[in-house]
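First the structure, in the form of structure tokens, and then the observations on it.
Keep in mind that the numbers below use all heavy atoms, side chains included, and drop hydrogens, waters and symmetry copies. Since this is a predicted model, take the numbers as computed values, not measurements.
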Amino acid sequence: MSKVAKRFTVKEFDILTRHKKIDNDKYHELDELTFDLLEQFVLDSSSIIDDTEALAHFMSISNIRGIGKVIRLKNYVGLLVMKNGTEIEILPKIYSYKQNQSEQETKRVLLEMLKYLPDIPYKKFNITNLDLAKNNLLEIFIKMFINEVQSLVKKGLKLDYEKFEGNELFYKGRLDFPQHIRHNLVHRERFYITYDKLDLNRIENRLLKTTLLNIKSKTKNLRSKKDISTLLDIFDDVDIISNVNYAFSTISNDRNMKEYSQILKWCKIFLQNKSFTTFSGLSVAYALLFPMEIVYEAYIAILLKRNLPNNEYFLRTQDRTHYLFDDPKRFSLRPDLVIQKENKNVVLDTKWKILNNDPTTNYGISQADMYQMFAYHYKYNAECVITIYPWNNSFNEKPELIRYSGKDSVTVYTFFVNLFDIDNSIKRLIKLLRVSMK
């Protein structure tokens, strides 16, 4: 009987130990083989990822006195499947007004947030009925892809004309006279013909079949395996693709193919590791990691855009209007959000950091961040700057705004959103914007 794969669920910023049990929720004991594989993955990734995804951004290796070597998780969440079958699921560290929030509820919030990342193709997928306790993120994405393919099959797969050439007993299309003479001097009953025929073997369907085969090898869910096998029967006469990158470059932009637009994004995710950060290495079977600061920023931006009246407010993301210096233009300023109403501006910056309720330490707000906010306020001639942090349980359920202001009319607010109560948090944020821009 094969061993059942181990599964660990941890939180960002937690610490993983090598066969060492610590009486602290932040520490998680891994067996020696899994720890060694994970350590090798971190070392391998440091040599293959570029400067924007530096090793220290997602995990680091260090030593703690009395504990030994540990692996510290950073602000990346997602899933790691090691070569020995061990699954390490990393969830975001988010808080609700309830004392104990289940892992399933945390995962549900994460999936909701991920919808707002650019190019994630499940914007309208209903995650309510998913069994989040049994399925890791990879299995959930596989189920979403299967659902998309099943829906597409019901609507009807697109056919394409393919050139056919052969020596047939019937006449159709065009007679290839040189070939006809060569093959049929004796067989007068035959015709060497060429014609176009409609079939499923177009590039988009070939990508779908290649993706189905790819995820069939990854999923451990029996229902998913069965659904994939059923779908593969439909694609029986479709060829697989060996050069995936070239195949994607030849996809048709035909308007008639719009039904394929979302599903081809899924194909890129599984075949090219597109749309979110992935890493690889000899010690890891699959790695799917999301930077929470980017997830959080995209989430807040879209929710604000949806809830602000378009005819009253104009919202810009990652604005590059201003530089710290104008002669020469150097050190570009790039605030997460700039909201404009008539001739008034408010700058907003999302911060995926856990603050503390201690005024003597400035609540854990860094001085560098405040210098940055000061520059935003000055350069954008803003009414105020609002920094948006995730709420945590060291604060009251409805924390007061933290407000800093100076004699030079610079005002910076620290605002908290509760990700388990996001609708009310966004309403409060819009109320602050309205008051600030009167």
Calculate, to the nearest 0.5 Å, the distance between atoms [atom1] and [atom2] belonging to [X] and [Y] respectively.
X	Y	atom1	atom2	result
I203	I251	CD1	CD1	7.5 Å
Y95	N393	OH	CG	5.5 Å
I90	F290	CD1	CZ	11.5 Å
K351	T414	NZ	OG1	10.0 Å
I15	K20	CD1	NZ	14.0 Å
I142	K220	CD1	NZ	10.5 Å

Check whether any side-chain N or O of [X] sits under 3.5 Å from a backbone N or O of [Y] as a donor-acceptor pair, and report yes or no.
X	Y	answer
E12	V77	no
T86	M82	no
T361	D358	yes
D369	I365	no
D349	I386	no
T210	I241	yes
H377	T411	yes
Y122	L111	yes
E105	S102	yes
S283	F41	yes

Are [X] and [Y] close enough that some pair of their side-chain heavy atoms sits under 4.5 Å apart?
X	Y	result
S60	I71	no
L348	D336	no
F13	L73	no
F235	L157	yes
F35	H19	no
L288	L80	no
K107	I140	yes
V385	V346	no

Handout entry: Residue pair D31 / T34, side-chain donor-acceptor N/O under 3.5 Å
Key =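 Yes - a donor-acceptor pair under 3.5 Å links their side chains.
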
Exercise for the section: Examine the side chains of E383 and N345 and answer whether a donor and an acceptor come within less than 3.5 Å of each other. Expected result: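 No donor-acceptor contact under 3.5 Å links the two side chains.
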
Practice task
Apply side-chain contact (heavy atoms from CB on, under 4.5 Å) to Y299 and L419, showing your working.
Solution key: CA-CA 10 Å; Y299 187 49; L419 294 166; 3.8 Å; yes

Practice task
Quick one: list whatever passes salt bridge (Lys or Arg N to Asp or Glu O under 4.0 Å) with R316, sequence neighbours left out.
Solution key: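 Testing R316 for salt bridge (Lys or Arg N to Asp or Glu O under 4.0 Å), a comparison that skips the adjacent residues, returns D319.
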
Problem - Qualifying residues under salt bridge (Lys or Arg N to Asp or Glu O under 4.0 Å), relative to K115, sequence neighbours excluded - result: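 Residues passing salt bridge (Lys or Arg N to Asp or Glu O under 4.0 Å) with K115: E112.
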
Exercise for the section: Determine, step by step, whether H322 and Y380 satisfy the ring-ring contact (aromatic ring centres under 6.0 Å, His included) criterion, reporting the C-alpha distance in whole Å, the side-chain angles of both residues, the deciding distance to 0.1 Å, and the verdict. Expected result: CA-CA 8 Å; H322 296 287; Y380 282 84; 4.5 Å; yes

Exercise for the section: Give me the ring orientation class for W266 and F270: parallel if the planes are under 30° apart, tilted from 30 to 60°, perpendicular past 60°. Expected result: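 If you compare the ring of W266 with that of F270, the planes turn out parallel.
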
What's the shortest heavy-atom distance between [X] and [Y], and which atoms?
X	Y	answer
L91	E103	CD1-O, 3.9 Å
F416	S425	O-OG, 4.5 Å
V417	F415	CG1-CE2, 3.6 Å
N205	L200	ND2-O, 2.9 Å
S436	Y413	OG-CE1, 4.3 Å
W352	E293	CB-CA, 3.8 Å

Practice task
Could you walk me through whether V81 and V284 pass the side-chain contact (heavy atoms from CB on, under 4.5 Å) test, one step at a time?
Solution key: CA-CA 6 Å; V81 182; V284 170; 5.8 Å; no

For [X], I'd like to know if atom [atom1] has over 12 heavy atoms of other residues, nucleotides or ligands within 6.0 Å.
X	atom1	value
D233	CG	yes
Y378	OH	no
D237	CG	no
E312	CD	yes
I240	CD1	no

Problem - Inter- and intrachain pairs under side chain to side chain donor-acceptor pair (under 3.5 Å), touching residues 135-152, at least two apart - result: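 Checked against side chain to side chain donor-acceptor pair (under 3.5 Å) - neighbours excluded - the pairs reaching residues 135-152 are E87-N136, N135-N221, E139-T219.
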
Exercise for the section: Begin from the C-alpha positions of K427 and D423 and carry the test salt bridge (Lys or Arg N to Asp or Glu O under 4.0 Å) through to its verdict. Expected result: CA-CA 6 Å; K427 285 177 185 176; D423 290 340; over 6 Å; no

Practice task
Find out whether the Lys NZ or Arg CZ of K353 is both under 6.0 angstrom from the six-membered ring centre of Y389 and within 45° of the ring's axis.
Solution key: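 No; the conditions do not both hold, so K353 does not lie above the ring face of Y389.
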
Exercise for the section: Before giving the answer on side-chain contact (heavy atoms from CB on, under 4.5 Å), spell out for L232 and D236 the whole-Å C-alpha distance, their side-chain angles and the decisive distance to 0.1 Å. Expected result: CA-CA 6 Å; L232 283 170; D236 190 45; over 6 Å; no

Exercise for the section: Please say which of M257, E259, K158 ends up in a side-chain contact (heavy atoms from CB on, under 4.5 Å) with E204. Expected result: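 Running side-chain contact (heavy atoms from CB on, under 4.5 Å) over M257, E259, K158 with E204 returns exactly one hit, M257.
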
Handout entry: Member of K93, K26, R72 meeting the salt bridge (Lys or Arg N to Asp or Glu O under 4.0 Å) criterion with D14
Key =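 Option passing the salt bridge (Lys or Arg N to Asp or Glu O under 4.0 Å) with D14: K93.
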
Problem - Near-ring test W391/Y97, centroid separation under 6.0 angstrom - result: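 Yes: the rings meet the under 6.0 Å criterion.
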
Practice task
Please assess E342 against K344 for the test salt bridge (Lys or Arg N to Asp or Glu O under 4.0 Å), listing each intermediate value before the final yes or no.
Solution key: CA-CA 6 Å; E342 297 171 351; K344 294 181 178 180; over 6 Å; no

Problem - F141 vs I269, side-chain contact (heavy atoms from CB on, under 4.5 Å): CA-CA, chis, key distance, verdict - result: CA-CA 10 Å; F141 284 158; I269 285 172; 5.6 Å; no

Handout entry: Residue pair R18, D36: steps toward the salt bridge (Lys or Arg N to Asp or Glu O under 4.0 Å) verdict
Key = CA-CA 8 Å; R18 187 177 188 271; D36 291 345; 2.9 Å; yes

